[in-house]
Amino acid sequence: MKCKTYLLIAIFNFLFFAMGQIVFAATPDKVKVDLFEAHQPVKQVFLYGPARIKMPMQRTLPPGKYLLTEKGSQLELAKQGSLQPIVVAPRIVLDGQTLGVALGIDSVDKRTYPGDVEMSVLPKQSIRVRNVVAVKDYVIGVVSSETPANWPVEALKAQAVLTQTRLARHLPSMVLGDSTQRELYLGSSNNRKEVREAVHSVWGQLLMHENRPVAVYYHSTCAGGTSSGEVVFSNKSAVPPYLKAVNCDYCVRSPFSKLTVRRISKDAATKAFGEGLPAILDYDDAGRPIKVRLPDGRILSGYQFWILLGQSAGWDKAPGMKYKLGTLPNGDLQVFSTGAGHGVGLCQWGSAELAHQGKTYKDILQYYFPGTNVQESRSVAMW
Ligand SMILES: [Zn+2]
């Protein structure tokens with residue numbers, strides 16, 4: 001779920017805003033996704049047979065566990081425990097059209113990916129693992145990864161429209177990632193029947209504003225109300241009007257709706273923010289900090305400080321951007337937070353509750369993105 005850094009997505013969307021014109025490219029029928037984004041650098045990859053090698057030659061591997069390692073500028077694929085490589089090449093492509101490609105790395109258990117998986121050598125002895133996947137399989141994978149089992153169907157549809165909308169703003173040359181920095185994609189391992197049906201039922205539909213696909217923002221839990229994009233991302237001229245604050249009393253069943261209290265030791269806080277205490281100067285109506293003063297006098301936006309806090313002290317310290325700061329007698333910093341994520345756009349737990357109350361995916365999307373509407377897209381229909 002959305003509770004990690006949003007820096008990349010913010011930069012990504014800022015570039016589009018700054019351009020003043022949304023790029024609405026005809027989306028290709030496949031997308032490229034770099035895997036294990038949150039686990040870099042990848043030093044070795046486990047492959048689970050049966051598998052089919054497509055390049056540099058065609059070959060079927062029987063059931064078993066295989067190990068792919070980097071040796072100089074080459075990749076070596078061998079049965080685990082064997083010193084005899086089956087393939088030595090700078091680039092190896094696996095074909096997952098029928099069975100999928102089952103992969104794992106040291107820190108990630110086996111996952112299955114539909115489509116092709118291309119592996120190649122990167123600088124610094126690491127391996128790039130890239131999934132080239134049909135757009136619909138990717139959308140089903142994202143919606144399955146971003147939602148828990150038993151999530152209501154209308155909330156699944158809302159999520160599917162958002163992912164398609166994000167792709168409609170995606171340049172064909174861009175490569176996606178698989179972590180919560182953008183949208184979580186765990187291949188087809190978590191795919192569920194109800195997600196496939198939900199994606200099929202809204203296929204080709206985009207969330208639009210003034211005939212353009214919207215900038216997609218969502219988060220796990222707003223804990224009482226969302227915030228305007230202007231406030232969170234501090235860019236009044238560039239943020240579109242539909243990223244505005246709305247009340248949300250619907251996410252109370254989220255595990256993140258309760259107050260989280262965390263402690264950061266004085267030493268760790270000094271290392272992250274400097275000698276002294278950071279101070280929140282202003283909050284928006286939803287309770288998210290707008291400005292934070294660092295001990296050296298520098299002013300950060302509430303969002304910038306939240307990113308700094310997560311990167312330096314760990315994302316568990318303030319899962320949500322609705323936070324306050326305090327101190328303990330020994331000088332340790334206390335962080336109080338509710339919700340999870342930046343609080344802009346759709347609240348996923350709120351969306352699920354609205355669906356339980358009988359709202360449709362269109363109602364849900366129009367609630368969290370006021371002034372927008374769902375439209376069929378000719379461009380998407382071409383996929
Ligand atoms: Zn909410």
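We count ligands from 1, going down the list as the structure has it; atoms in each ligand are counted the same way. Residue numbers count from 1 along this sequence. Quick note: numbers below take in every heavy atom, side chains included, and nothing from hydrogens, waters or symmetry partners.
Side-chain polar atoms of Tyr218 and Glu146 form a donor-acceptor pair below 3.5 angstrom.
Ion pairing between a basic and an acidic side chain is recognised when a charged N comes within 4.0 Å of a carboxylate O; Glu210 and Arg212 show no such pairing. Between Lys43 and Asp106, none of the side-chain N atoms (NZ, or NE/NH1/NH2) sits under 4.0 Å from a carboxylate O, so this pair counts as no salt bridge.
Annotation: cation-pi pair Lys359/Tyr367 absent, no NZ/CZ under 6.0 Å from the ring centroid and within 45° of its normal. Under the 6.0 Å distance and 45° angle rule, Lys324 does not count as a cation-pi partner of Phe336.
Below 30°, between 30° and 60°, or above 60°: for Tyr217 and His342 the angle between ring planes is above 60°, a perpendicular geometry.
Excluding waters, the count of protein N/O/S atoms less than 2.8 Å from the Zn ion (ligand 1) comes to 4.
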